[in-house]
Amino acid sequence: MQKLLVVSNLKKYFPVRRNLKEFFSPSYIKAVDDISFDVMKGEFFGLVGESGCGKSTTGLILAGLLRPTSGKIVFNGTDITFTKLKGDMRRKIQMVFQNPFSSLNPRMRVGELVLEGIIIHNLLPKSRLQERLAQILEDVGLGMEFSERYPDELSGGQRQRVCVARAIALEPEFLVADEPTSSLDVSVRAQILELFEKIRRKFGTSIFFITHDIHTVKTYADRFAVMYLGKIVEIGKKDEIFSSPAHPYTKMLLSSVPDFDRVIEEGRYDLRGIQGEPPSPLNPPSGCRFRTRCPYADSLCEKQEPELKKITETHFSACHFWNKIV
Ligand code: SF4
């Protein structure tokens, strides 16, 4: 597989100015703090972590909707780090947001919403728009009978399908999906997830899937990264991480929603789930940021920040003691 996106040492710091002193010398929330990873062409890549860990900020930066503080983002060989995405590049990178209720203009019909991007980018002559609309609505599991409806006449799952339809209408190469199933009923989550997989298979689109639920990535992701307080703490192929998690935080995420089949089969997971609250990103712990919640923490963890270390060719962990916990 070829690399589509290469992210190096990406940082996003937000200044905090709560008083006069901080006005001149602000503190910083380090929402994304020096992360690096690649996404391959046609890959389903997951980014997993609790709320506030920086995963949505990462998604917004990759979609060109937020400027990073520093680092480098190369898309298909082009450095887009500080570029305002326009024209063809804007079309190639699309985003689907968490809340389909606020993502759609309530005064526009489904057909207008889906075709809006095609018309703005002048991708098709007027005579072919209806044919293309029918094709896109079919791809997302909605028929042409939906084209005249307004968003408030749709269910949550149908609205999210319209959001996906708007994104794929532009035939993107890279699709950032920020918790696209979390505001939906459990019964439709699997259908929307299957829809992203269908798009990946049919169009070869790379899917960057952001979620707080590690089990969401279990079915479709090729690889995923786990993020904690602005840092990537583990990254690898899905099967490697699920069978041999190499970071205590990943183990906690896995046990927070127990996979009962595996628990019964192997008796391996710690069913205590995630312990405590994450510390403030304004004042993260010294050394390893996870040490205040880690059952394996040692004095070394306080003094030295662990780097992502290679465990196998494709599996990396940022834990001093990864080999003791696997
Ligand atoms: Fe826990 Fe130490 Fe590993 Fe951090 S480096 S995850 S504190 S054992």
Side-chain angles (χ1 to χ4, degrees), residues 7-13 28-37 45-55 57-58 210-218 221 223-259 262-263 266-326:
V7 176
S8 314
N9 307 110
L10 189 69
K11 293 182 183 176
K12 179 64 188 176
Y13 294 177
Y28 287 92
I29 290 180
K30 297 178 177 178
V32 177
D33 198 10
D34 201 1
I35 64 171
S36 302
F37 58 92
F45 187 95
L47 186 62
V48 178
E50 290 164 283
S51 40
C53 72
K55 58 190 190 307
T57 304
T58 304
I210 297 169
T211 179
H212 64 276
D213 177 7
I214 196 166
H215 290 276
T216 305
V217 296
K218 189 171 184 180
R223 293 183 303 138
F224 70 92
V226 178
M227 220 171 155
Y228 184 77
L229 269 187
K231 295 273 186 190
I232 287 180
V233 296
E234 186 164 5
I235 186 166
K237 288 185 178 171
K238 170 190 67 182
D239 294 340
E240 280 178 316
I241 299 181
F242 272 90
S243 62
S244 307
H247 195 282
Y249 180 56
T250 311
K251 287 188 95 171
M252 280 190 186
L253 290 175
L254 281 167
S255 61
S256 64
V257 183
D259 177 345
R262 284 186 58 82
V263 171
E266 302 179 9
R268 288 183 56 175
Y269 289 118
D270 170 5
L271 291 179
R272 287 174 302 174
I274 299 175
Q275 308 291 305
E277 294 290 321
S280 164
L282 248 183
N283 189 20
S286 63
C288 175
R289 293 185 182 192
F290 188 58
R291 70 177 170 79
T292 52
R293 300 168 82 190
C294 180
Y296 305 91
D298 200 334
S299 54
L300 175 66
C301 308
E302 190 179 342
K303 291 181 203 129
Q304 193 178 315
E305 185 172 347
E307 290 177 6
L308 269 177
K309 284 194 199 107
K310 191 190 266 191
I311 297 170
T312 69
E313 273 311 307
T314 50
H315 190 183
F316 298 79
S317 166
C319 173
H320 294 308
F321 305 112
W322 67 268
N323 48 352
K324 290 188 186 163
I325 64 155
V326 173

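Indexing begins at 1, ligand by ligand and atom by atom, following the structure's order. For reference, positions follow the sequence shown, starting with 1.
- Residues T250 and P245 share a closest heavy-atom pair of CG2-CB, 4.0 Å.
- The distance between the ring centers of F321 and Y296 does not fall below 6.0 angstrom.
- Between F242 and F224, the ring centre distance stays below 6.0 Å.
- A side chain to side chain donor-acceptor pair (under 3.5 Å) with Y228 is found for exactly one of R289, K55, E234, R293, namely R293.
- Of all protein atoms, those of element N, O or S that lie under 2.8 Å from atom 2 (Fe) of ligand 1 number 1.
- No donor-acceptor pair closer than 3.5 Å links the side chain of H320 to the backbone N or O of C288.
- Applying the side chain to side chain donor-acceptor pair (under 3.5 Å) test between T314 and each of K237, E240, R223 identifies E240 as the sole match.
- Close approach of ligand 1 to H247 (heavy-atom distance below 4.0 Å) involves ligand atoms 6 (S).
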